[in-house]
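Remember, predicted model here, so these are calculated numbers, not experimental data. Below, each value reflects all heavy atoms present in this structure, side chains not excepted, and no hydrogens, waters or symmetry copies.
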Amino acid sequence: SRAGRLNARQKFRALSSKRPAMAEGLQRSVIDLKTGHPDPALFPERLLVEATARLFSACSNDNRVEGALSYGRVSGRTRLLELLASLHNSEVEPIARSDVQPVQASEFFALPGASFALSACVSNLPAGVVLMESPSYYHAESIFKAEGHQPVAVETDELGMTAHGLETAVREHGQSRIRGVYIIPSYHNPTGRTMPMERRRELINICRKQNIMLLADEVYQFLYWGDVPPPPMSALDSDPPHCVASIGSFSKLTGPGLRFGFCLTKSQELRSRLQGKGFFISGGGLCPYVGSLMEMALEADLLRPHLDKIRACYGHKCERLLKVLRSDLRVGELVNTTGGFFVWIGLPPSTDILELDAALEREGVRVRLYEEANGRKGARLCFALASAEDVEEGGRRCARILNATQNSHNG
């Protein structure tokens, strides 16, 4: 329906174009809680140096044709995929292991980043519809459009996409026109929430029954500091026909410049489509060198202490932001999170988004503001990039402006 489509008016507007100049005489720096990037201070330089040394030492003592600087296997180096499977399985809580199947090395495709993986999964398909949560990651919409598909918003509640909303959208648009269902199940961008196991299974069952591909964007799966999130969606895809593609990335863990990600799927149909794409046929694997570095890091258990470090740092920043918002914020609905990059504040329907954006700018803090087709509004605050002190101060400024803006409307 027209109301469900994500277009220029209906999508969750990220107001990033022309911004008013800072007020004359304002001396304090602008705090960026808008940009959703990792903290460069946490890039693992020592890990990469040691992994590189190990890689070239291994290459010099190994006569295998397959190596870091050759074309490589289409899906990635065998040992790399085994280590990725081991990493994923080790992250599943013991209580959940009896309820899910361990992922296998044969289910992985090493790819140059999550965005590439997402694009590859929906490319070379007849133009159709991709169903999305509301709100969702706004660049995913652009990816689907670039591949010729129409993004469509589906009913979403505080746990994510609803089973009722998905079933309704499938009936409305027709199963044959739907090219995929896109969700962010763990530490959602922008809301920070994590979808519970029961809801995940409901969505998988609907997609399996309808023979629709479920694209699970899981780039924040390893970035937690509270309870371990549910397993990757692909691990729950236990019965044929398999329909889930879990898409992951090391960009948030080791740095986006490495461009290393993967697709995890039991679907033979999707694996065959990926293997048949021209960029594989022409040159084999897409990231043999970086994949080899990650293999060395995983083999030597260099990633585990790094994960502990970044979880502690991001968790500290997140708690400082949540603490000041719990204390100071008197309007909106604050969503707690224990992972990912973002804290979400649901805003009152009466909020003037343009006015709020300008007021935040004058106060010296930037956040990403959203406005949905149904009138719901919100603010996403990223705690990852800025220092802990700036995150706290930025939260304080944001709360002050949100309170003042709402008071002016009430007055």
Participant: For Tyr182 and Asp217, what are the C-alpha separation, side-chain angles and deciding distance, and is it a side chain to side chain donor-acceptor pair (under 3.5 Å)?
Facilitator: CA-CA 7 Å; Tyr182 173 75; Asp217 190 339; 2.6 Å; yes

Participant: Please report the interatomic distance CG(Leu307) to CG(Leu87), rounded to the nearest 0.5 Å.
Facilitator: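 Going from the CG atom of Leu307 to the CG atom of Leu87 covers 7.0 Å.
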
Participant: So how far is it from Thr194 OG1 to Ile184 CD1, rounded to the nearest 0.5 Å?
Facilitator: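 Output value for this atom pair is 11.0 Å.
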
Participant: Are the aromatic rings of Phe341 and Tyr314 close, with centres under 6.0 Å apart?
Facilitator: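 That pair passes the under 6.0 Å test.
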
Participant: Kindly say whether Gln210 contributes a backbone atom to a donor-acceptor pair with the side chain of Gln175 at under 3.5 angstrom?
Facilitator: yes

Participant: Is it true that the side chains of Thr35 and Asp32 contain a donor and an acceptor less than 3.5 Å apart?
Facilitator: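 Distance-only check passes for Thr35 and Asp32.
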
Participant: So, applying salt bridge (charged side-chain N to carboxylate O under 4.0 Å, His left out) with Glu295, which one of Arg54, Arg77, Arg79 is it?
Facilitator: Arg77

Participant: Do Pro348 and Thr351 have side-chain heavy atoms sitting under 4.5 Å apart?
Facilitator: yes

Participant: Short question: side chain of Gln221, backbone of Pro230 - any donor-acceptor pair under 3.5 Å?
Facilitator: yes

Participant: Quick check against the 3.5 Å criterion: does Lys34 have a side-chain atom that pairs as donor or acceptor with the backbone of Arg368?
Facilitator: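 Not a single qualifying donor-acceptor pair exists.
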
Participant: Test salt bridge (Lys or Arg N to Asp or Glu O under 4.0 Å) on Arg396 and Glu392 and set out the steps.
Facilitator: CA-CA 6 Å; Arg396 186 171 290 110; Glu392 182 176 327; 3.2 Å; yes

Participant: Looking at Asp237 and Cys243, would you say the former's side chain and the latter's main chain have a donor-acceptor pair under 3.5 Å?
Facilitator: yes

Participant: Which heavy atom of Cys263 sits nearest a heavy atom of Leu274, and at what distance?
Facilitator: SG-CD1, 4.4 Å

Participant: May I ask you to test the Leu236-Gln101 pair for a side-chain heavy-atom distance under 4.5 Å?
Facilitator: no

Participant: Compare every heavy atom of Asp239 with every heavy atom of Arg208, then report the nearest pair and how far apart it is.
Facilitator: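 Looking at all heavy atoms of both residues, the shortest contact is NE-O, 2.8 Å.
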
Participant: Out of the candidates Ser119, Ser142, Ser123, only one should pair with Glu147 under the side-chain hydrogen bond (donor to acceptor under 3.5 Å, both in side chains) rule; please name it.
Facilitator: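 Answer to the side-chain hydrogen bond (donor to acceptor under 3.5 Å, both in side chains) test with Glu147 among Ser119, Ser142, Ser123: Ser119.
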
Participant: Can you list the steps and then say if His188 with Glu133 is a side chain to side chain donor-acceptor pair (under 3.5 Å)?
Facilitator: CA-CA 10 Å; His188 185 268; Glu133 294 166 303; 3.2 Å; yes

Participant: If you measure from the Lys or Arg side-chain nitrogens to the Asp or Glu carboxylate oxygens, is any gap between Glu393 and Arg397 under 4.0 Å?
Facilitator: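 The answer is yes: the pair qualifies as a salt bridge.
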
Participant: Would you say that Ser186 contacts Glu218 through its side chain, given a criterion of any heavy-atom pair below 4.5 Å between the two side chains?
Facilitator: no

Participant: Of all heavy-atom pairs between Ala110 and Phe260, which one has the smallest distance, and what is that distance?
Facilitator: CB-CE1, 4.1 Å

Participant: Kindly say whether Val244 contributes a backbone atom to a donor-acceptor pair with the side chain of Thr265 at under 3.5 angstrom?
Facilitator: yes

Participant: Are the side chains of Glu141 and Ser136 in contact, using a 4.5 Å heavy-atom criterion?
Facilitator: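 Not touching, per the 4.5 Å side-chain cut-off.
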
Participant: Let's go through Lys317 and Asp39 carefully: what are the C-alpha distance in whole Å and the side-chain angles of both, what is the deciding distance for salt bridge (Lys or Arg N to Asp or Glu O under 4.0 Å) to 0.1 Å, and is it a yes or a no?
Facilitator: CA-CA 11 Å; Lys317 291 184 182 184; Asp39 186 345; 2.8 Å; yes

Participant: Determine, step by step, whether Ile345 and Val335 satisfy the side chain to side chain contact (heavy atoms under 4.5 Å, CB included) criterion, reporting the C-alpha distance in whole Å, the side-chain angles of both residues, the deciding distance to 0.1 Å, and the verdict.
Facilitator: CA-CA 6 Å; Ile345 303 172; Val335 177; over 6 Å; no

Participant: Using a 6.0 Å distance limit plus a 45 degree cone around the ring axis, check whether Arg320 lies over the aromatic ring of Phe383.
Facilitator: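 No, Arg320 does not lie over the aromatic ring of Phe383.
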
Participant: Would Arg199 and Glu202 count as a salt bridge (Lys or Arg N to Asp or Glu O under 4.0 Å) here? Give the steps.
Facilitator: CA-CA 5 Å; Arg199 176 69 61 86; Glu202 289 176 347; 3.7 Å; yes

Participant: Please walk me through it: do Glu158 and Arg193 pass salt bridge (Lys or Arg N to Asp or Glu O under 4.0 Å)?
Facilitator: CA-CA 8 Å; Glu158 68 278 3; Arg193 55 111 182 98; over 6 Å; no

Participant: Could you state the interatomic distance from CZ (Phe108) to CG (Leu264), rounded to the nearest 0.5 Å?
Facilitator: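 So the gap between those two atoms works out to 4.5 Å.
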
Participant: So does Lys323 pair up with Glu319, basic N to acidic O under 4.0 Å?
Facilitator: no

Participant: So which heavy atom on Val30 is nearest to which on Val365, and how close?
Facilitator: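 Of all heavy-atom pairs spanning Val30 and Val365, the closest is CG1-N, 4.4 Å.
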
Participant: Report yes or no: does His149 contribute a side-chain atom to a donor-acceptor pair with the main-chain N or O of Phe144 at less than 3.5 Å?
Facilitator: no

Participant: Within the structure provided, determine whether Pro229 and Tyr220 are in side-chain contact (heavy-atom separation under 4.5 Å).
Facilitator: no

Participant: Give, for atom CG of Leu270 and atom CD of Gln268, the distance between the pair rounded to the nearest 0.5 Å.
Facilitator: 9.5 Å

Participant: Quick check: does any side chain N or O of Thr191 sit under 3.5 Å from a backbone N or O of Asn189, one acting as donor and the other as acceptor?
Facilitator: no

Participant: How long is the gap from OG on Ser106 to CZ on Arg271, to the nearest 0.5 Å?
Facilitator: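 Result: 6.0 Å between the selected atoms.
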
Participant: Closer than 3.5 angstrom, by distance alone: can the side chain of Asp352 be matched with the main-chain N or O of Asp357 as a donor-acceptor pair?
Facilitator: no

Participant: Classify the angle between the aromatic ring planes of His88 and Phe262 as parallel (below 30°), tilted (30 to 60°) or perpendicular (above 60°).
Facilitator: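 Perpendicular, since the angle between the ring planes exceeds 60°.
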
Participant: Donor-acceptor pair, Ser57 side chain versus Ala53 backbone, under 3.5 Å?
Facilitator: no

Participant: Enter the distance from Ile353:CD1 to Glu355:CD here, rounded to the nearest 0.5 Å.
Facilitator: 10.5 Å

Participant: Would a distance-only check, ignoring hydrogens and angles, find a side-chain to backbone donor-acceptor pair under 3.5 Å from Arg179 to Ser176?
Facilitator: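 Yes, because the side chain of Arg179 sits within donor-acceptor range (under 3.5 Å) of the backbone of Ser176.
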
Participant: Before you tell me yes or no, could you show the steps for Ser90 and Arg304 under side chain to side chain donor-acceptor pair (under 3.5 Å), namely the whole-Å CA-CA distance, both residues' side-chain angles and the distance that decides it to 0.1 Å?
Facilitator: CA-CA 11 Å; Ser90 71; Arg304 186 70 59 183; 3.1 Å; yes

Participant: How close do Asp390 and Ile31 get, heavy atom to heavy atom, and via which atoms?
Facilitator: O-CG2, 3.4 Å

Participant: Could you check, using the six-membered ring where one of them is a Trp, whether His306 and Phe222 have ring centers closer than 6.0 angstrom?
Facilitator: no

Participant: Quick one: closest heavy-atom pair of Ala235 and Val103, and the distance?
Facilitator: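 Looking at all heavy atoms of both residues, the shortest contact is CB-CG1, 4.0 Å.
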
